[in-house]
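The structure under discussion appears below in the form of structure tokens.
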Amino acid sequence: MKYWLFKSEPDDYSIRDLATAPEQTAKWDGIRNYQARNFLRDQVSLGDHVLFYHSQCKHIGIVGTAEIVRAAYPDPAQFDENSKYFDPKASFETPRWFCVDIKHQTSFKREISLARIKANPALAEMVLLKQGRLSVQPVTEQEWQAIMAMAER
DNA sequence: GCCAACGTTGGC
DNA sequence: GCCAACGTTGGC
């Protein structure tokens with residue numbers, strides 16, 4: 001069992017959108033960064049747990065959790081000429097980008113703000129704080145437990 | 001809206 | 001393969 005942190009701009013897609021989606025499930029597509037792609041394609045597995053993070057908004061932080069309900073498959077948007085995620089260099093034979101499906105698990109009453117994350121010594125080594133721009137990133141079990149201890153349901 | 005950090009592109 | 005130019009992310 002592994003743990004991850006997925007970033008989303010809530011104006012684009014929020015934890016509330018996920019919680020109210022059909023079957024509380026969504027396709028996590030549009031990832032167009034190679035490092036994030038490699039995690040999605042090679043390491044994110046069915047049943048893994050996800051911290052849902054809101055970026056570029058008023059209340060930046062971790063807002064809930066989700067679970068991987070489908071492992072990596074080619075992101076259909078790369079083949080769609082009308083999508084902003086279209087990639088002319090991708091083909092069905094050699095897809096370049098991948099997505100997974102996630103299902104909502106919990107929404108926190110209050111977000112665990114970035115400021116509180118930075119203030120917690122147990123979280124000092126989080127990839128979130130080390131590598132600010134990575135939108136799919138691993139989380140250790142210890143970090144997961146520390147986050148859960150801070151969360152109000 | 002600004003700007004730092006960092007990823008990507010493309011000329012050489 | 002290097003590196004400058006450029007684009008994007010994301011906190012503030």
Side-chain angles (χ1 to χ4, degrees), chain A residues 2-21 26-44 48-68 71-102 104-140 142-152:
Chain A
K2 294 186 295 302
Y3 302 93
W4 305 96
L5 182 146
F6 286 8
K7 285 184 191 172
S8 186
E9 298 177 30
D11 288 347
D12 225 37
Y13 200 87
S14 70
I15 186 99
R16 192 177 166 73
D17 292 326
L18 182 61
T20 56
K27 177 169 54 181
W28 207 253
D29 61 356
I31 299 297
R32 293 295 180 269
N33 165 285
Y34 287 104
Q35 211 181 341
R37 189 279 309 267
N38 292 348
F39 281 130
L40 277 186
R41 187 190 56 190
D42 305 333
Q43 295 194 47
V44 174
D48 282 359
H49 294 300
V50 175
L51 297 171
F52 198 108
Y53 180 90
H54 281 175
S55 67
Q56 309 223 63
C57 58
K58 192 167 180 191
H59 298 288
I60 296 166
I62 298 166
V63 292
T65 63
E67 184 182 347
I68 304 296
Y73 58 100
D75 181 346
Q78 70 194 304
F79 309 124
D80 177 2
E81 280 187 48
N82 298 315
S83 169
K84 67 171 174 171
Y85 298 119
F86 176 64
D87 184 342
K89 292 178 185 161
S91 69
F92 286 103
E93 293 74 29
T94 55
R96 179 177 290 201
W97 307 110
F98 290 80
C99 58
V100 298
D101 289 352
I102 66 171
H104 177 266
Q105 274 191 316
T106 58
S107 292
F108 300 156
K109 250 184 205 164
R110 184 164 69 104
E111 85 279 3
I112 300 171
S113 68
L114 181 59
R116 285 165 68 209
I117 293 168
K118 286 179 177 171
N120 185 340
L123 300 176
E125 296 302 314
M126 272 193 90
V127 177
L128 181 69
L129 304 182
K130 300 278 175 183
Q131 219 179 321
R133 302 183 47 186
L134 189 57
S135 61
V136 170
Q137 51 180 261
V139 171
T140 68
Q142 290 82 352
E143 289 162 353
W144 175 276
Q145 298 301 346
I147 294 288
M148 291 306 115
M150 294 170 83
E152 305 165 50

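Just so we're on the same page: letters track the sequence lines, and every chain starts at 1. All values reported here derive from a predicted model rather than from experimental measurement. Computed over heavy atoms, backbone and side chain alike; hydrogens, waters and symmetry mates excluded.
- One atom, CD1 of A:Ile60, and another, P of C:dT9, lie 15 Å apart when rounded to the nearest Å.
- Protein atom CG of A:Leu129 is 12 Å distant from nucleotide atom C1' of C:dG11, rounded to whole Å.
- Relative orientation of the A:Tyr13 and A:Trp28 rings is perpendicular, given thresholds of 30° and 60° on the angle between their planes.
- Between A:Trp97 and A:Tyr34, the ring planes lie tilted relative to each other; the angle falls in the 30° to 60° range.
- With hydrogens and angles disregarded, no donor-acceptor distance shorter than 3.5 Å links the side chain of A:Gln78 to the backbone of A:Pro95.
- For A:Gln56, the side-chain atoms get nearest to C:dG10 when compared with the rest of C:dG10, C:dG11, B:dT8.
- The distance from atom CD of A:Glu111 to atom P of C:dG10 is 17 Å, rounded to the nearest whole Å.
- Here A:Lys118 lies in heavy-atom contact (under 4.0 Å) with sugar-phosphate atoms only.
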| message | Run A:Asp75 and A:Arg37 through salt bridge (Lys or Arg N to Asp or Glu O under 4.0 Å) and show every step you take. | response | CA-CA 10 Å; A:Asp75 181 346; A:Arg37 189 279 309 267; over 6 Å; no

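- Separating the CG atom of A:Asn38 from the P atom of B:dT8 is a distance of 10 Å, rounded to the nearest angstrom.
- A:Tyr53 has a side-chain polar atom (N or O) that falls below the 4.0 Å cut-off from OP1 or OP2 of C:dG11.
- The listed nucleotides are B:dG7, C:dG11, C:dG10; the one nearest the side chain of A:Gln131 is B:dG7.
- Among the nucleotides B:dG7, C:dT8, C:dC12, the one closest to the side chain of A:Arg133 is C:dT8.
- The phosphate of C:dG10 (OP1 or OP2) has a side-chain N or O of A:Lys7 nearer than 4.0 angstrom.
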